Each structure stands twice: as C-alpha cells, then as structure tokens.
Amino acid sequence: MKNKFLLWLLALLVTLRFFVVPVVGWQNEAIQRLSTQSKQLAKQQALVDAFPVYTATNIAMQKAVAEVQPSFYSSKGEAPLETQLLFNRIARSLDAKVARFEWVAVSADATPKGSFKVSVFGTLNQLSRFHLSVESNDRLVSFTKWNMRKRQGRNVDDAPYEIAYEGYVLVVPALSASRVQSELGTDEVSDEV
Amino acid sequence: VQSVKKTSGLGAVVIARVLVVFHRMLNWLLRRVVFVDGTPMCFAVNKIPVSFRALFDFSAYEMVPVSGRYRPLIAIVGGAFYYSESHKLPLPNAKAVKQVVKNLPAHAPFGGRRRVLVKEADDSFYAQSTTVDDARLVSVLGLSPIFTLPLNWILSAHNAGPLCEYHVGERVYFVSRNQNTSVVAEQSETMQSVNDFSLALGVHNESGYDSFSDQKTPFVLLSGLFGLDANCWTQGLSLGGESALSSDNTKLVPGILMFALCGYMALSSAVLALQGVWMGHRLSASASIVQQALDARQEYTDISAVVLGIESALGDVKSNAFLWRVLSELHDQGVLIGGVTSVGYQAVITGVTADSAAQILEAMRQRPEVLAADFVAPVSTDSKGSELFRMAIVYNPVIAKQQQVGNEK
C-alpha cells in the first residue's frame, strides 16, 4: 500500500516536472505574446481608424501648398538662375543695373530657403520702384537686410545710389497627390492640384 | 474588402473545424452517459452543430443502445433500479436529519447504498432517501459507473411547470414541484393519472399539467442532468465505503485527477494556441491597410513640415513699402538722402537738409506707423548751413493699419 502511494507520488512529481511546468511555461509565454499582439493590434486599429483623417488632411494640405506653389521655386537647381534673371529683368525695365549677384546657399529644412546677395545701381526713384516691383512680384522674394548709399559725393543730388540686399527665396518641393488619389480611387485631387 | 472577406472566410473554416472537434468530444462524452431502466441506452448527437449555441440544444440529441464495453461516467437509473422514500423530520439542522435517516430501518427490497438528499421548506427538513440496486446495475452495465443518479432526482431537477407527466420508456412518472421541494411518483394501479396524483398530494391543478412524451426523454434527462445541484452530484458519486464498487472506484480517483489535469492543460493550451493563430491572422490580414495608413502618416508628417515652413517663411516676410514712401517724401522735401540701412522694420537714414533736422524728426514721430524715432548721432552743420543728421526709426505698418481701422470704426 505504502509502495503504491509512493509510486503515485513519483508519477505525480514526474508529471509536474516534465508536463505541467513546461506547459505552464509555454502558456505564460503564449499569454505574453498574445498580450503584445493585442496591444499591437490596438495600435494598428488606431492607425487604421486615423487613416481617413490623415488622407483627408493630406489632400487639404496639398491643395493649400499647391495654391501658394507659384510663389516659390520647386527646384533647388532653378532657383539661383531664375532669381538672378528676375532681378535683371526688373532692373532693366527701370533702367537700373544689377551690379553683382551672389547665390549663397540653400538651407536643409523641409521648406528650404535659398539665400542670395544682390547689388543694384540706380537713382533713388529707380531703386524705390525696383524694390517695390520685387516685393509685388509673383515669386516671393524676402529682403531681410539692405543698405543703400550714394556711390559718389553724398552732397551731389543726381549721384546714383548703390543698394546691397541680403535676402532669400523659398524652394518648396512639388507635392504629388497621385498616390493618395490612387488610394481613394477618385479624380478629385488631380484637377485641383 | 478582400482582406476582410479572406479573414471572415478563414474564421468560418476555423470555427467549423472547432465545431467538428467539439462534436466528436461531445459524442465521446455522451456515450459515457447511460440511462438504465431496461436495455442500457446512451446519448448521441448525429448532426454536426452549426454553432456553439447549437451544441447545447438538447432537442437534437438522441438515445441509442449502448454498444461495446466501457466504463460509464454517469448512469441514470430508472424506477426498476431504485427504491425511494421521503421523511419529514422536526430536527434543527440538515446534518442531524441525514444522520437519522441513514439509521432508519431499510425498507428497500434489495441491498445497496442509501443516498440521502435533505431540503428545507416551511421551517421543516424533508429528507429523500434513495437506495439504488448497485449489484444489479453492475451486472447490467458490466462495469460500475462513477456517478449513479436516480431518475427521480433528474425529473425533480428538470425545469418545467408545477405539475408534470413524463413518459419514459414504458413507465409514466408524475412530478409535483413547489418552491424548494418536489414529489415524484411512478404510475401504479392506485395512481393511474395526474389527477389521482394531485388528489393524493392535495394539490389543485387548475392550470393543467405539462406532459412529456417518450420522444422527449433525451431532452428531459439532459436538461435535468444540467439542473442538478452539487449535493446530488456528491451523493451520486459512487466512491463511498458502503458501496460494493468502492474499491474499484478508489483506483479510478488518481486517474480521474490526472485526466482532469491533463484535460485542463490540453484544453487551455489549445485555446491559447487558437487565440495565437487567430491573432496572427488578424495582424497579417490588416498588414496591407496598416502599411497604407503608415504611408499616409509619413506623408502627413512631410507635408506638415512643408506647410509649417511656408507659414514661418511667410510670417518673416516684411514689406519696406512704408520706408520707401518716407524716403520719397523726404527727397521731395529737398532732403538729400545719403544712405539707408534697413533690417526688418528698423532703419537708419542718413541725410542732409537745408531746413531743420529736428523738424524732420518731429514730423517722423507724428506718423502713426512710426513706433520710435531718434537721432543716433549729433546733428552737424556744414559750410553751406545745411544740417547733417543720422536718424533711426522703428516702424510697423501693420500696427498703424490696425489703429487706422479702429479709428474708422
């Protein structure tokens, strides 16, 4: 009877050691894995729920950017030459003269700024009109700092002025709505962007 | 939509497989639940259930003769296999009632273990003593069952009206139920109908009675089985020392415990594994739409940075139109502009005037756009009597415009 009891006890211990404990360990791992997966699923669900909002916001922002796009350059390569041509064209129309144009750098921001320095010769009237023409131009040109002085004797009324500007233009990447459009399966964006 | 359809299709297949497994397990279990009144019968469900709810629809269950030799888990014994008697005892507690009833002289025409159920009603204890003919039961079944449950317990536990008539095989049973107690009687020469039964009990059956035909026996027995309380299961367990089968069943205890442990482990592991598979399917099914959402979020981040950059750049842009207008007016007044330095809305103007530089400063201060104006160097006079000045101004055309709008209002 005693031997039988010991045999049962041994069987119980062996079962616990080689069956119950490993299975419980595996179950714990499985529960942890399930917990992680359920959290992951919840995050995914939140992301999927926000998907239409992101898409709608992206379309709205693309439209907004597209509306102001003509005011900026969409290529870093074309910005220096086109800026210089703009100054030359305006100065020539006013009989003023661009003496020096120097392209400084393009910053590495999401909306890069292309910095430049430019010097223009002309009378006070010509420079005034030059400045205002640049400010009212389609392309946004911002003069951050400028210095105007008479080139020759300061007491001579007719002596021309030289104005030295420091400023920047914006280089905004051309945004394509084609991917959002294909995801939505509509032509809503392409007509307007 | 395709991914959703794929998921639902896969889910239906998984559920169908699980239902098939449950169906097999259920049939295995039902084969071990037997009803013995004449020929031993066991339960079976032939149709694979279409949902988990259908698993517990007992009306789809059938009774078939027991085939093969195996140990029954539960034996429901009919009227031929037990002798039952009731006692009403004015004793203080159920334990004392059970003790007294067990010591009362046995009236059963056969030997066997006496199973006593005690219930309290109307400040009294009612004891039902049921003696099962265990020896005959073993000779009929071949092996001893683990639980032996008399039919009168099952019929009492069946959830039906207060007065019922049950046709079970060739026998007919009458059951009367109160709030806590019930009386079961078998049809006899002196008690032919429900009316005789209700008259004998003094029960008025104005609302009629429920009758259950023999076809409904599986439904009645299984419903009653699920309605039994813990006391019935304890009394029905055939492991007591009084039973002739006790030594046989004692050997089974470790096996049952081991089976229960292994069963629990296997079942819980299976549930976890299924959940893991299900979760994996859900994650992989949503991968495509999640990737699209991630792309949209990245696009949102990129475009937001561009928009913020544009807003910031536009906010920094300052128009010097006002300053040029001032210079033009000074020039028209005869002031010779020597030079101008401008940073944002701050400027330093150098000039020569034949008039008073102080007047020019005063006129400048009167302008609404000018926030501050002052000389930054002493005013000097040249040989012609003209005054040379160097004047700094701070202006804000936006503020001036707002003031103007406010004044107009």
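Just so it is clear, the structure is predicted and the values come from calculations on it, not from any experiment.
Between A:Phe51 and B:Asp295 there is no side-chain heavy-atom pair separated by less than 4.5 Å. A:Trp146 has its side chain within reach of B:Leu323: a pair of non-hydrogen atoms, C-beta onward, lies under 4.5 Å apart. The side-chain heavy atoms of B:Ser269 and A:Val23, taken from C-beta on, include a pair separated by under 4.5 Å. No side-chain heavy atom of A:Phe19 sits under 4.5 Å from any side-chain heavy atom of B:Leu261. Using a 4.5 Å heavy-atom cutoff, the side chains of B:Ile337 and A:Met148 are in contact.
Here CD1 of B:Ile310 is found 7.0 Å from CD of A:Gln69. Values are rounded to the nearest 0.5 Å. Note: B:Thr301 OG1 to A:Tyr54 OH = 7.0 Å, rounded to the nearest 0.5 Å. Atom OG1 of B:Thr350 is separated from atom NZ of A:Lys150 by 12.5 Å, given to the nearest 0.5 angstrom. Between the CE atom of B:Met265 and the CH2 atom of A:Trp26 there is a distance of 10.0 Å, given to the nearest 0.5 Å.
When all heavy atoms of A:Val65 and B:Val307 are compared, the closest pair comes out as CG2-CG2, 3.6 Å. Across A:Asn58 and B:Glu299, no two heavy atoms sit closer than the pair ND2-CB, 3.7 Å. Shortest non-hydrogen contact noted between B:Val306 and A:Val172 is CG1-CG1, 3.7 Å. Considering every non-hydrogen atom in both B:Ala296 and A:Thr55, the closest pair reads CB-OG1, 4.4 Å. The two residues B:Ser286 and A:Gln44 come nearest to each other via the heavy atoms OG-OE1, 2.9 Å.
Of the residues considered (B:Gly351, B:Ser312, B:Gly344, B:Ser319), B:Ser319 shows the highest number of contacts with chain A, using heavy-atom pairs under 4.5 Å. Between chain A and the residues B:Gly276, B:Ser342, B:Ser328, B:Ala287, the most heavy-atom pairs under 4.5 angstrom are made by B:Ser342. Ranked by heavy-atom pairs shorter than 4.5 Å toward chain A, the options B:Val348, B:Val343, B:Val290 are led by B:Val290. Highest contact tally toward chain B, considering only A:Leu34, A:Ile31, A:Val48, is held by A:Leu34 [criterion: heavy-atom pairs under 4.5 Å]. Note: A:Gln27 leads A:Arg149, A:Gln27, A:Gln45, A:Glu166 in heavy-atom pairs under 4.5 Å with chain B. When each of A:Val53, A:Leu12, A:Leu127 is checked for heavy-atom pairs under 4.5 Å with chain B, A:Leu127 comes out on top. Between chain B and the options A:Leu140, A:Asn125, A:Val68, heavy-atom pairs under 4.5 Å are most frequent for A:Leu140.
Around the CZ atom of B:Arg365, the shell of radius 6.0 Å holds more than 12 heavy atoms that belong to other residues, nucleotides or ligands. Summarising the local packing, CZ of A:Arg139 is surrounded by more than 12 heavy atoms from other residues, nucleotides or ligands at distances under 6.0 Å. In this structure, B:Arg297 places its CZ atom where only 12 or fewer heavy-atom neighbours from other residues, nucleotides or ligands lie under 6.0 Å away. The local environment of CZ in B:Phe375 is crowded, with over 12 non-hydrogen atoms from other residues, nucleotides or ligands closer than 6.0 Å. Surrounding CD of B:Gln366 are more than 12 heavy atoms belonging to other residues, nucleotides or ligands, all under 6.0 Å away.
Within the 4.5 angstrom heavy-atom criterion, atoms from both the backbone and the side chain of A:Ser38 approach chain B. For B:Ser386, no part lies near chain A; criterion is any non-hydrogen pair under 4.5 Å. Looking at A:Ser128, the atoms closer than 4.5 Å to chain B (heavy atoms on both sides) sit in the backbone and in the side chain alike. For B:Ser268, the parts sitting under 4.5 Å from any heavy atom of chain A are the backbone and the side chain alike. Contact annotation for B:Ala273: both backbone and side-chain heavy atoms come within less than 4.5 Å of a heavy atom of chain A. Neither the backbone nor the side chain of A:Val141 has a heavy atom closer than 4.5 Å to any heavy atom of chain B. For a residue to count as touching a neighbouring chain, one of its non-hydrogen atoms must lie under 4.5 Å from one of that chain's; by this rule A:Leu47 touches chain B with backbone and side chain alike.
Using modelled atom types, one side-chain atom of A:Glu135 and one backbone atom of B:Asn320 make a donor-acceptor pair closer than 3.5 Å.
Ring geometry for A:His131 versus B:Trp324: interplanar angle of 30 to 60°, hence tilted.
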